[in-house]
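Reading through the structure tokens given below for one structure.
This is a predicted model, so every value here is computed, not measured. In this chain, residues are counted from 1 in sequence order. Side chains included, hydrogens not; waters and symmetry mates left out as well; all remaining heavy atoms used.
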Amino acid sequence: MTTAHIIWDWNGTLLNDVNAALNATNFALAEIGIEPLTLEQYRQYYCVPVQAFYKQVIGREPSSSEWSVISNTFNLHYRPGLQKASLTDGVSQLLASRYQAGATQSLCSLMQHDELLPMIDNHGIGKFFTYIDGRNTPLLTTGKSVQLANHIKNLNIPPEQSVVIGDATDDAIAALAAGTHAILYTGGTHSRGSLETAGVPVVDTLSEALLIADSLVYKQ
């Protein structure tokens, strides 16, 4: 059976940081007089680009001064929470098992590259990836599409032999645009209903995602 190359997302997928993001978002909203979100509401509204997310939550386009407050407040609270976030349950074992079986894995994240690498090292999982790709440019409003396309080119693996596993519809949009497969995980930023609009498999655990991934490539 053909084995898929797995392209992992980081935030909300391998790293369980959704509560850190929710808390930081609520601090930011409070600064502009908006009521806090529950986790369910956060997942219902969340989308990329993040400007569209806040527009939905607030009910209008944030002003430039509001956007400055939102950005500064979010970063002030998110970064400490991010450092305390743990890996998603079972991630180390899943990565190790696939690595030991000879299957390849890489990581493509919109997190800034020089911040991403130390976190991966701290969690002791760097050796499981053939390539780690964080963002080296300003955060784009176009999401992950350009970065993922470049990531796949650098892998030198046919796109149809790869599967992106992420927690956002943007992961699926980027994957399909690059000619590869996608599986979306419900433990991150999006509600199941939102993820299902992407038209790709949706799973509740990362172990289930890996079971599906090889079958997607095998069908080629």
Side-chain angles (χ1 to χ4, degrees), residues 3-18 20-21 48 50 75 78-140 142-168 170-185 187-189 203 205-207 209-210 213-214 216-217:
T3 301
H5 172 85
I6 303 298
I7 302 173
W8 292 101
D9 173 58
W10 178 238
N11 300 96
T13 304
L14 294 181
L15 186 72
N16 182 16
D17 67 337
V18 66
V48 175
V50 72
N75 287 327
Y78 177 62
R79 291 182 182 279
L82 184 66
Q83 297 304 319
K84 296 176 183 177
S86 60
L87 296 177
T88 299
D89 287 347
V91 157
S92 294
Q93 295 89 340
L94 287 175
L95 295 175
S97 294
R98 199 159 180 89
Y99 173 79
Q100 289 161 5
T104 57
Q105 306 169 92
S106 60
L107 193 152
C108 182
S109 171
L110 289 177
M111 186 174 180
Q112 195 167 313
H113 191 74
D114 61 0
E115 295 180 4
L116 176 64
L117 290 181
M119 290 195 70
I120 291 172
D121 288 340
N122 288 341
H123 287 289
I125 58 173
K127 66 182 180 182
F128 301 132
F129 305 111
T130 57
Y131 183 41
I132 297 171
D133 182 18
R135 176 173 54 83
N136 286 309
T137 58
L139 189 60
L140 300 174
T142 50
K144 192 182 274 188
S145 294
V146 172
Q147 184 178 353
L148 181 64
N150 289 331
H151 182 91
I152 292 172
K153 288 178 183 177
N154 289 330
L155 289 175
N156 199 27
I157 293 173
E160 62 272 15
Q161 297 297 318
S162 302
V163 178
V164 173
I165 299 178
D167 71 310
D170 182 56
D171 292 308
I173 292 169
L176 297 178
T180 190
H181 307 278
I183 300 170
L184 298 179
Y185 165 60
T189 54
V203 299
T205 67
L206 296 181
S207 56
L210 288 177
D214 290 330
L216 291 177
V217 168

Would you say Gln147's side chain and Cys108's backbone share a donor-acceptor pair under 3.5 angstrom? no

Backbone of His151 reached by a side-chain donor or acceptor of Asn154 within 3.5 Å: no

Run the side-chain contact (heavy atoms from CB on, under 4.5 Å) test on Leu95 and Phe129 for me, step by step, so that the C-alpha distance in whole Å, both residues' side-chain angles and the decisive distance to 0.1 Å come before the verdict. CA-CA 9 Å; Leu95 295 175; Phe129 305 111; 3.9 Å; yes

What I'd like to find out is whether the side chain of [X] reaches to under 4.5 Å of the side chain of [Y], using heavy atoms alone.
X      : Y      : value
Ser106 : Asp133 : no
Ile183 : Leu216 : yes
Leu155 : Thr104 : no

Kindly indicate, with the supporting measurements, whether the criterion side-chain hydrogen bond (donor to acceptor under 3.5 Å, both in side chains) is fulfilled by Thr189 and Asp167. CA-CA 6 Å; Thr189 54; Asp167 71 310; 3.0 Å; yes

Closest heavy-atom pair and its distance - [X], [Y]:
X      : Y      : result
Gly12  : Asp17  : N-OD1, 2.9 Å
Val203 : Ala209 : CG2-CB, 3.8 Å
Asn16  : Gly187 : OD1-O, 4.5 Å
Ala4   : Ala213 : CB-O, 3.8 Å
Ala103 : Thr3   : CB-CG2, 3.5 Å
Ala182 : Ala175 : CB-CB, 3.7 Å

Determine, step by step, whether Leu82 and Leu15 satisfy the side-chain contact (heavy atoms from CB on, under 4.5 Å) criterion, reporting the C-alpha distance in whole Å, the side-chain angles of both residues, the deciding distance to 0.1 Å, and the verdict. CA-CA 9 Å; Leu82 184 66; Leu15 186 72; 3.5 Å; yes

Looking at Leu148, Leu176, Thr13, which one forms a side-chain contact (heavy atoms from CB on, under 4.5 Å) with Val164? Leu148

Gap separating the [atom1] atom of [X] from the [atom2] atom of [Y], nearest 0.5 angstrom:
X      : Y      : atom1 : atom2 : value
Asp114 : Arg135 : CG    : CZ    : 9.5 Å
Leu210 : Ser97  : CG    : OG    : 9.5 Å
Thr130 : Tyr99  : OG1   : OH    : 10.5 Å
Asn11  : Met119 : CG    : CE    : 7.5 Å
Trp8   : Leu107 : CH2   : CG    : 9.5 Å
Asp170 : Asp9   : CG    : CG    : 9.0 Å

Do other residues, nucleotides or ligands put more than 12 heavy atoms under 6.0 Å from Asn156 CG? no

Around Asn75, counting heavy atoms of other residues, nucleotides and ligands shown, do more than 12 lie under 6.0 Å from its CG? yes

Could you walk me through whether His5 and Ser162 pass the side-chain hydrogen bond (donor to acceptor under 3.5 Å, both in side chains) test, one step at a time? CA-CA 5 Å; His5 172 85; Ser162 302; 5.2 Å; no

Determine whether Leu206 and Leu14 satisfy the following criterion, side-chain contact (heavy atoms from CB on, under 4.5 Å), listing intermediate values before the conclusion. CA-CA 9 Å; Leu206 296 181; Leu14 294 181; 4.3 Å; yes

Taking NZ, NE, NH1 and NH2 as the nitrogens, is one of them in Arg98 or Asp214 under 4.0 Å from a carboxylate oxygen of the other? yes

